[in-house]
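Reviewing the structure listed below.
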Amino acid sequence: MRREVLLVDDVKAILNSIREGLEEYQENFSVVTAGNGKVAIEKLKERQISLVVTDLKMPETDGFSLLSHIMAFYPDIPVIVMTGYSNAEMERLAQRGGAIGYIAKPFKIEDLAKKILTALRRESDGGKLHSVSSGMFLQLIEMEQKTCTIRIQDRDSEKRGVLFFREGELMDSRINGLKGLDAAYTIFGWEEVNLSIQNSCPIKKKRLEGELQAILLEAMRRKDEREKRKPKGGKNANGSAVSPGRKENGLPDATEIIRRKIGKEMGTRCGVEGIRYDNSWDGLLGQMRRIGKSFNYGSLRLVYMDQGGMKDMILLSGEKTISIFVNNKCPRDRIVKVLMQ
Amino acid sequence: MKKLFKELLDMEEVMGLMLLSFEGEFILHKFVDSVVEKPENMESWGLFIHSLKGAKEVEILFQDAKIYIRKTVAGYLFVMVHVSTPMAMLRLNCDLALFGLKQIGKNRLSRSLLRGR
């Protein structure tokens with residue numbers, strides 16, 4: 001992901017000079033400029049800004065107001081403050097306001113670039129992943145009870161979003177200026193994503209209603225609605241192929257229906273690690289059907305197998321066998337009951 | 001041997017049980033009601049046990065009944081129960097029975113089984 005740094009200063013000459021100086025680092029980030037805090041706020045809404053460098057004394061919205069706006073609405077975006085009126089009090093105020101760095105004018109471009117690069121590197125101090133399934137990964141974050149900020153990019157649309165997790169709980173999310181549940185529904189609708197993990201979360205109070213599993217399910221439902229409205233023919237309006245987990249008629253397939261059912265009935269702590277079509281057990285299921293017939297027990301419906309490892313397996317008998325892998329946190333009798341309903 | 005599984009057989013919902021060696025030979029079987037077909041003639045049990053691939057526990061849910069299969073020191077224990085049977089209680093009774101089975105030890109078990117045949 002190439003990052004954008006927003007540079008804010010009311011003196012055009014300084015703005016241009018810094019921008020030109022930072023062009024040398026364009027492999028790492030590009031620079032967007034704003035002449036005051038008010039323009040900067042608009043740019044934050046429109047663009048996917050990774051970091052802000054701002055002057056403090058400016059007309060209209062000054063640097064301190066901009067800093068407080070960023071802390072309230074974009075707490076994941078680090079801010080570096082630069083000012084010509086440098087003193088210890090100013091520095092202290094900027095840091096108390098949430099700035100992660102401070103640089104006194106005049107400064108060497110290399111010094112500012114170094115601060116920017118250090119801050120951007122922190123975005124992925126917990127690692128980066130490419131081409132992963134967002135749903136499974138996010139459930140893993142919840143299961144591991146991780147505290148982190150995840151910057152996520154949809155591989156299809158290249159849109160970016162941010163998710164905030166504290167001890168596995170989804171605290172908030174945002175895409176540009178869009179926040180909360182609406183942002184989460186959009187992000188969870190992305191299937192294949194690239195992401196970077198920062199091992200900290202700036203949000204302490206939960207701003208999102210609902211549990212992760214429920215939000216994932218609602219995101220899927222909304223996505224289905226959108227898919228239904230798209231023209232038929234194997235490709236959607238964006239020209240991308242019909243997504244996995246969905247039949248060509250736009251309806252979700254059996255694995256997706258089961259995933260939703262479990263999510264709805266059992267919530268986030270269901271312990272399900274994977275659901276897929278699997279014919280490798282058809283021989284055993286055939287033997288079980290014959291046993292059932294001999295005993296006059298009726299048709300075979302479900303098999304739960306504890307193979308002695310970390311994961312148990314559930315086999316659902318049907319036209320195509322479906323296997324469900326569950327971990328040791330899965331309430332066994334409950335999931336069997338849900339699947340038998 | 002039957003005493004060992006008395007608690008299990010006394011459970012209202014239990015319709016029958018079978019203990020098969022890992023090779024699929026019948027060590028014991030007891031059914032509350034008569035079964036249509038002799039279990040020995042039903043299936044190639046050796047092949048079925050081989051297909052379980054060493055599973056520790058298996059629950060098979062049919063439309064009208066359940067079969068709970070449990071790996072033991074002597075082979076596989078099959079417990080046939082009504083479809084509505086609470087499995088937690090069944091597993092607990094199996095735990096108790098299998099603890100007794102373990103205590104007897106594999107050799108003593110073989111001897112007692114031979115005597116019982």
Side-chain angles (χ1 to χ4, degrees), chain A residues 258 261-262 265-266 271-272 278-319 321-341, chain B residues 13-18 20 24 29 31-72 76-92 94-95:
Chain A
I258 291 162
K261 187 175 181 177
I262 296 170
E265 299 287 334
M266 300 178 66
V272 171
D278 184 356
N279 60 12
S280 61
W281 295 91
D282 284 0
L284 177 66
L285 293 188
Q287 289 172 302
M288 289 175 175
R289 282 191 197 98
R290 286 198 295 276
I291 292 169
K293 200 175 168 191
S294 301
F295 279 115
N296 218 5
Y297 287 167
S299 58
L300 175 67
R301 299 188 62 189
L302 178 152
V303 178
Y304 189 103
M305 284 182 87
D306 173 356
Q307 295 163 296
M310 296 293 283
K311 287 179 199 166
D312 291 352
M313 184 173 63
I314 301 167
L315 297 169
L316 291 178
S317 172
E319 200 180 318
T321 306
I322 292 172
S323 63
I324 303 170
F325 289 92
V326 296
N327 61 33
N328 55 14
K329 287 180 187 164
C330 178
R332 176 168 159 176
D333 294 340
R334 174 104 176 89
I335 196 166
V336 168
K337 197 177 168 190
V338 166
L339 291 168
M340 287 291 279
Q341 277 166 4
Chain B
E13 301 90 347
V14 171
M15 299 190 286
L17 62 81
M18 316 188 295
L20 277 78
H29 63 83
F31 287 88
V32 175
D33 297 316
S34 60
V35 282
V36 185
E37 201 177 337
K38 274 189 172 180
E40 297 97 311
N41 304 334
M42 278 182 187
E43 178 72 28
S44 166
W45 292 101
L47 182 65
F48 178 68
I49 284 171
H50 177 76
S51 305
L52 292 177
K53 294 180 181 169
K56 224 172 114 190
E57 273 181 281
V58 182
E59 277 178 46
I60 312 173
L61 284 84
F62 295 97
Q63 199 177 330
D64 305 317
K66 293 192 259 196
I67 302 179
Y68 176 62
I69 305 173
R70 180 78 175 260
K71 195 178 185 183
T72 75
Y76 275 98
L77 174 71
F78 291 65
V79 187
M80 285 73 172
V81 292
H82 290 293
V83 74
S84 56
T85 308
M87 295 307 285
M89 184 54 81
L90 178 67
R91 284 197 291 267
L92 181 69
C94 276
D95 285 343

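Numbered from 1 within each chain, the chains take letters A, B, ... in sequence-line order.
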Supply the atom-to-atom distance [X] [atom1] to [Y] [atom2], rounded to the nearest 0.5 angstrom.
{"X": "L315(A)", "Y": "L61(B)", "atom1": "CG", "atom2": "CG", "result": "11.5 Å"}
{"X": "F78(B)", "Y": "F295(A)", "atom1": "CZ", "atom2": "CZ", "result": "9.0 Å"}
{"X": "M340(A)", "Y": "K66(B)", "atom1": "CE", "atom2": "NZ", "result": "7.5 Å"}
{"X": "M288(A)", "Y": "L52(B)", "atom1": "CE", "atom2": "CG", "result": "6.0 Å"}
{"X": "F62(B)", "Y": "L302(A)", "atom1": "CZ", "atom2": "CG", "result": "11.0 Å"}
{"X": "M87(B)", "Y": "D333(A)", "atom1": "CE", "atom2": "CG", "result": "7.5 Å"}

*asked:* Does atom NZ (K56(B)) have a neighbourhood of more than 12 heavy atoms from anything else shown, all under 6.0 Å?
replied: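 Check fails, neighbour count at 12 or below.
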_Surrounding NE2 of H82(B) (heavy atoms of other residues, nucleotides or ligands, distance under 6.0 Å), is the total greater than 12?_
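Check passes, neighbour count above 12.
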Which pair of non-hydrogen atoms, one from [X] and one from [Y], has the smallest distance, and what is that distance?
{"X": "Q63(B)", "Y": "R301(A)", "value": "CA-CD, 4.0 Å"}
{"X": "A55(B)", "Y": "M305(A)", "value": "CB-CE, 3.8 Å"}
{"X": "Q287(A)", "Y": "S51(B)", "value": "OE1-OG, 2.9 Å"}

*asked:* Given heavy-atom pairs under 4.5 angstrom as the criterion, report whether the side chain, backbone, both or neither of K53(B) touches chain A.
replied: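 The side chain, not the backbone.
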*Residue part contacting chain A, namely of R91(B), when any heavy atom lies under 4.5 Å*: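 The side chain, not the backbone.
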*Pick one of side chain, backbone, both or neither for M313(A), based on which atoms fall under 4.5 Å of a heavy atom in chain B.*
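No part of M313(A) comes within 4.5 Å of chain B.
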Sub-4.5 Å side-chain heavy-atom contact between [X] and [Y]:
{"X": "Y297(A)", "Y": "M15(B)", "value": "yes"}
{"X": "Y304(A)", "Y": "I60(B)", "value": "no"}
{"X": "I291(A)", "Y": "W45(B)", "value": "yes"}

*Return the option, out of V83(B), D64(B), I69(B), with the maximum number of heavy-atom pairs under 4.5 Å with chain A.*
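Looking at each option in turn, the highest pair count goes to D64(B).
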